[in-house]
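Below, chains carry the letters A, B, ... as their sequence lines are ordered, and counting in each starts from 1. Predicted model only: the values in this text are computed from it and were never measured.
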Amino acid sequence: MARYNFRETETTWQKRWEDARVFEAQVDPARPKYYVLEMFPYPSGRIHMGHVRNYTLGDVVARHRRALGFNVLHPMGWDAFGLPAENAARDQKIHPAKWTYDNIANMRGELKRMGLSIDWSKELATCHPGYYAAQQKLFLDFFEAGLVHRKEAFVNWDPVDQTVLANEQVIDGKGWRSGAPVEKKKLSQWFFKITEYAEDLLAALGTLDRWPEKVRLMQDNWIGKSSGAYVRFALAGRADRVEVFTTRPDTLFGASFLALSADHPLSAELAKSNPALADFVAECQRAGTSAAVIEQLEKKGFDTGLKAKHPFLADVELPVWIANFVLVDYGTGAIFGCPAHDQRDFDFATKYGLAIRTVVSPDGDKAFKVGAEPYVGPGTIVNSGFLDGLDVEEAKKRVGEKLKADGNGESTTIWRLRDWLISRQRYWGCPIPVVHCDSCGVVPVPASELPVKLPDDVSFEKPGNPLDHHPTWKHVGCPKCGKPARRETDTCDTFVDSSWYFARFCSPRAAEPVTRTAGDYWLPVDQYVGGVEHAILHLLYSRFFMRAMTRTGHGKIDEPFAGLFTQGMVCHESYKSAEGKWLYPEEIERKADGSVVETATGRPVTVGRREVMSKSKKNVVAPARIIDEYGADTARLFMLSDSPPERDLEWSEAGVDGAYRFIQRLWRDVTEPDVPFAAKGASRPATLDPKADAALRAVHKTIAGVSENLENFRFNVAVAQIRTLANTLGELDAKGAGADWVRRFGYETLVKLVGPMVPHVAEAMWAELGHAAMLCHEPWPKADPALLVDESVTLAVQVNGKLRGTITIARDAAEQAAKDAALGVPNVQTAMAGKPPRKIVVVPNKIVNIVV
RNA sequence: GCCCCAGUGGCGAAACGGUAGACGCGGCAGACUCAAAAUCUGUUGCCCGCAAGGGCAUGUUGGUUCAAGUCCGACCUGGGGCACCA
């Protein structure tokens, strides 16, 4: 028995696809397009199982769509800038470019061995000057359109990576990459004005109906629209006023204090003349973002001694405090406290003995008083002058109007979303194309002088930005006046690179970032596939970029990704040796009694729970090894079987074995059938043996089922249906009329259906079935609607909702016929125990329920 | 604390409100073999019963319905996101 030789077959077909340039896409306005994209990888050097899953899912979509007749664009590239290359340069004395391109070469080889239907002619790497030149052009266009600005602000400084970070890149007060507690620094930096699109980015979430609800929700929260009012409080004995933001203007009559952030300008001013206050401010600042998380329970404040005048009550003055729980970044960095109707204000007021004035009553009872807890729900306003008797919502409106009329504030909307800080003090990134001139200020580099290339001769010995240390690079003449000036030494956040690569793929070698011919044809991406970890950062930035590109004439749409699928992660058990060291899965052995030991020492191993594969826990399986041992088709099939793609997948050797066996079995079924197939191209016989007829119907039902399940990303169910069909066809050993024809038709269809999943063996089987043309050119099979319904159907018969038997009757039989048949089942009669039916529910072709 | 998502055999999982457990993994029994591997066949939710059949089963608990894994309410557990956002 000839076993299927995956090694030989997989390389053969990969070469044939490549030679025939099957997957190279051309703009063709006459054909419907479909753009399939998976999130491009960072070139770390090796692909991991997460990549295998991601690219397998995308490839199934791409191959399926191609078979359906779409003009498919399915490209691949490299998110190639970033700090690891600089770390490698420092630690291993390899130039970042060499390190990166070597890694790309290796990973490209590994990806190619997966047999993906990728148009490699469109490959790009963001570190290539051809790519970043185009990015610099976009920067200049955005700059001109007023979407880029430089401003001094408190920024997040990562002391380990020696660079600033965007708000989105600070997680729990730590740098997303280094994990080091982030420090606040006041620096002059470059920003993209993403906030200009806040309203639009939020509103348009509603149009993204092919995005997961979860991701839309996360973006909604991140953008953080908040309606309320500004209130300006006059200060006793001072000319300036303190502006606060509140979402509860209706509770203004319940205000009992003002609180400023330690970083508020007024706090800084007061600190100059008050050492105790200065100490408190310093303490708050020291606590920083990270420590604040730990100490968040403890609210602390300092009474400045200043008094603020209540805007509506001439005789009321409120103490002004500095409080550690007030954020400088949100709203105005100052609040008014209404302890009766806010938990934090309540805690603070309780601690410092400040007044608690009830102004909202849940039931309208004027005598209602807040007790041990604040009341934050809806209700009727009380003790509030002109607001008394109004409900909360109406009161908010009235306060806004009154504030405005008096010049003391107004209703407003604020956002949590900040402008996107893109400056990074690193070498391995896209240089920001501007020059600083003492006479002319900030001068953009003329487009004709792009790209501003990174210098090759850099040193990574000193900490800090290598571009800044470079002896000559930054010295340049001012493009405007020609006098000596300095290049900007900041480079772009690498998230900038990945915010538009999907557009660059449309015309990857064009002089402009994307040609309108290609971009307008291919964009938006019809199906984007990737991990949910990019739900905010990458996806939000890309949505901004697409808008900015459209505004600057580089496109015509706002939303870059029409469909988004977020896949689950790949998990594995972890293993710890007796010494407490992590072990790789191949370093352990499972004994017959189920115990697990370390192969090298024979000593017992602690088996940890299954969790996301990570290098640090060594619970990883290298895709290259699996492809060597089992082949790419097996790895792909395993990724698709069993677990729904959106859920986490547990890696298991047994599962891989199962996938491998199925491929071997299909090969045998097709190449060495027990009973022969009809000749290729034979026409369908007029009559079919009943078994053959049933099998033919099963084939058509499978076409319908697999097609629908592929559309809906239910690949695991599609695989199950294909296996079921394989079982059905395997059992069709009838020699009756037409059976040989059904066998050929069945297996040819089966091969087409598995094509997107296991493309190599499918091509090989297609050739074995006598076809000279490649399977990847075959159209997707169509189900015959007439064969999707059976002539007779089996109905469940229930008595009082309990199953007591089944009946088989003609499809769409009359209701009475179904009732009669059901009542005729002996077991049904027994269950009825002689009682007459009170009611008989008949659902045609489904069920009969007899109620007694 | 707030907001999502998920709980179904030994395991991964299926199931337009209509025969729960498709498909697979694992197990058990058998065939082939000197033997093993590979392959093939049968069997496999739990309990009672020789059998026919019956009872119990989709995290817990109420409800809606002729009928609930599926819809609604409360709760428990696990995972994820946000979090002093005024």
(Q) Both distances below 3.5 Å, Watson-Crick or wobble geometry, any strand: find the nucleotide opposite rC66(B). (A) rG18(B)
(Q) Using a heavy-atom cut-off of 4.0 Å across all strands, would you classify T246(A) as base, sugar-phosphate, or nothing? (A) sugar-phosphate
**Q.** Protein-nucleotide distance (L803(A), atom CG; rG69(B), atom C1'), rounded to Å
**A.** 17 Å
Q: Take nucleotides 25-33 of chain B nucleotide by nucleotide from the 5' end and write B, S or -, depending on whether a protein heavy atom sits under 4.0 Å from the base, only from the sugar-phosphate, or from neither.
A: SS-------
**Q.** Stacked cation flag R723(A) on F662(A), 6.0 angstrom / 45 deg
**A.** yes
(Q) Closest approach to the side chain of N727(A), judged atom by atom: which nucleotide of rC23(B), rG55(B), rG18(B) is it? (A) rC23(B)
Q.
Would you measure the distance from the P atom in rG21(B) across to the matching atom in rA83(B) and give it in whole Å?
A. 45 Å
**Q.** Flag for T808(A)-T794(A): side-chain donor and acceptor within less than 3.5 Å
**A.** yes
Q | Separation between the C1' atoms of rA31(B) and rC25(B), rounded to whole Å | A | 23 Å
Q.
Under a plain distance cut-off of 3.5 Å, with no hydrogens placed, do D633(A) and Y660(A) share a side-chain donor-acceptor pair?
A. no
Q: May I ask you to verify if any side-chain N or O of N827(A) is less than 4.0 angstrom from the OP1 or OP2 atom of rG54(B)?
A: yes
Q. Is the count of non-hydrogen atoms from other residues, nucleotides or ligands lying under 6.0 Å from E708(A) atom CD greater than 12?
A. no
(Q) Could you tell me how far apart F325(A) (CZ) and rA86(B) (P) are, to the nearest whole angstrom? (A) 13 Å
Q. Across all strands shown, which nucleotide pairs with rC84(B) by Watson-Crick or G-U wobble geometry, both distances under 3.5 Å?
A. none
Q.
Pairing check on rU39(B): which nucleotide meets the Watson-Crick or G-U wobble criteria with it, both distances under 3.5 Å?
A. rA31(B)
Q: Would you sort out whether D347(A) and Q343(A) count as a side chain to side chain donor-acceptor pair (under 3.5 Å), showing the intermediate values?
A: CA-CA 6 Å; D347(A) 295 345; Q343(A) 184 68 51; 3.1 Å; yes
Q) A720(A) side chain: which of rA15(B), rC23(B), rG18(B) is closest? A) rC23(B)
Q: Quick one: label D342(A) by what it contacts on the DNA or RNA (base, sugar-phosphate, nothing), any heavy atom closer than 4.0 Å.
A: nothing
Q. Between D347(A) (CG) and rA86(B) (C1'), how many Å, whole number?
A. 13 Å
Q: Could you give the distance separating rU44(B) and rA52(B) at their P atoms, to the nearest angstrom?
A: 12 Å
Q. What is the distance from NZ of K225(A) to P of rC3(B), rounded to the nearest Å?
A. 21 Å
Q: Once you apply the 3.5 Å cut-off to both distances, tell me the Watson-Crick or G-U wobble partner of rC11(B), or none.
A: rG24(B)
Q. Would you call K701(A) and D790(A) a salt bridge, taking side-chain N to carboxylate O under 4.0 Å as the test?
A. yes
Q: Quick one: label L217(A) by what it contacts on the DNA or RNA (base, sugar-phosphate, nothing), any heavy atom closer than 4.0 Å.
A: sugar-phosphate
Q. Take atom CG in D674(A); do more than 12 heavy atoms of anything else shown fall under 6.0 Å from it?
A. no
Q: Name the residue closer to the 5' end of RNA chain B, choosing between L327(A) and A796(A) according to the nucleotide with the nearest heavy atom.
A: A796(A)
Q: For nucleotides rA13(B) and rC2(B), find the distance between their C1' atoms and express it as a whole number of Å.
A: 32 Å
Q: Rounded off to whole Å, could you give me the CG-to-P distance for the L260(A) and rA86(B) pair?
A: 18 Å
Q. Taking only side-chain nitrogens and oxygens of N716(A), does any of them come within less than 4.0 Å of OP1 or OP2 of rA14(B)?
A. yes
Q: Identify whether any heavy atom of V851(A) sits under 4.0 Å from a base atom; if not, whether one sits that close to sugar-phosphate; answer base, sugar-phosphate or nothing.
A: sugar-phosphate
Q: Consider the side chain of R416(A), meaning its heavy atoms from C-beta on, and name the nucleotide among rA83(B), rA86(B), rA22(B) that approaches it most closely.
A: rA83(B)
Q | Base-pairing mate for rG73(B) - Watson-Crick or G-U, with both contacts under 3.5 Å | A | rU61(B)
Q: Quote, to the nearest angstrom, the P distance that separates rC32(B) from rG59(B).
A: 45 Å
(Q) As a test of reading the structure: which of rA13(B), rA22(B), rC84(B) is closest to the side chain of K299(A), going by heavy atoms? (A) rC84(B)
Q.
Quick check on rG79(B): syn or anti? Syn means the glycosidic torsion is within 90 degrees of zero.
A. anti
Q: Could you check whether R647(A) gets within reach of a base, just the sugar-phosphate, or nothing at all, counting any heavy atom under 4.0 Å?
A: sugar-phosphate
Q | Same-atom distance (P) from rC16(B) to rG27(B), integer angstrom | A | 31 Å
Q: Could you work out the separation of rC75(B) and rG7(B) based on their C1' atoms and round it to a whole Å?
A: 14 Å
**Q.** Given rC23(B), rA86(B), rC16(B), the nucleotide with the shortest approach to the side chain of K846(A)
**A.** rC16(B)
Q: May I have the distance from N849(A) (atom CG) to rA68(B) (atom P), rounded to whole angstrom?
A: 9 Å
Q) Heavy atoms under 4.0 Å, any strand shown: does T794(A) hit a base, just sugar-phosphate, or nothing? A) base
Q. Just wondering, more than 12 heavy atoms not from K351(A) lying within 6.0 Å of its NZ?
A. yes
Q: Among rC56(B), rA13(B), rG18(B), find the nucleotide with the atom closest to the side chain of K802(A).
A: rC56(B)
Q) Rounding to the closest angstrom, what is the interatomic distance between rG45(B) and rG9(B) at atom C1'? A) 5 Å
Q) At under 4.0 Å between heavy atoms, what does V326(A) touch on the DNA or RNA strands: base, sugar-phosphate, or nothing? A) base
Q: Describe the nucleic acid contact of R804(A) in one word from base, sugar-phosphate, nothing, applying a heavy-atom distance below 4.0 Å.
A: sugar-phosphate
**Q.** Residue mapping more 5' on RNA chain B - nearest nucleotide basis, F336(A) or T724(A)
**A.** T724(A)
Q. Heavy atoms under 4.0 Å, any strand shown: does N800(A) hit a base, just sugar-phosphate, or nothing?
A. nothing
Q.
Under 4.0 Å, heavy atoms only, any strand: does E650(A) hit a base, just the sugar-phosphate, or nothing?
A. nothing
Q: Using a 4.0 Å heavy-atom cut-off across all strands, classify D345(A) as base, sugar-phosphate, or nothing.
A: nothing
(Q) Could you tell me the Watson-Crick or G-U partner of rC56(B), where both distances fall under 3.5 Å? Say none if there is no partner. (A) rG45(B)
Q.
Check this one for me: any side-chain N or O of K214(A) less than 4.0 Å away from OP1 or OP2 of rC82(B)?
A. no
Q: Determine, stepwise, if the pair F713(A) / F715(A) fulfils ring pair (Phe, Tyr, Trp, His ring centres under 6.0 Å).
A: CA-CA 5 Å; F713(A) 269 86; F715(A) 300 146; 5.1 Å; yes
Q) Tell me: CH2 of W222(A) to C1' of rC3(B), nearest whole Å? A) 16 Å
Q.
By nearest atom, which of the nucleotides rA14(B), rG18(B), rA86(B) is closest to the R714(A) side chain?
A. rA14(B)
Q | Interatomic distance, Q567(A) CD vs rG80(B) P [rounded to whole Å] | A | 17 Å
Q) Would the F253(A) and H310(A) ring centres measure less than 6.0 Å apart? A) yes
Q: Kindly indicate whether a cation-pi arrangement holds for K299(A) with F325(A), taking the cut-offs as under 6.0 Å to the six-membered ring centre and within 45° of the axis.
A: yes
Q: May I ask you to check whether over 12 heavy atoms, not counting those of K617(A), lie within 6.0 Å of atom NZ?
A: no
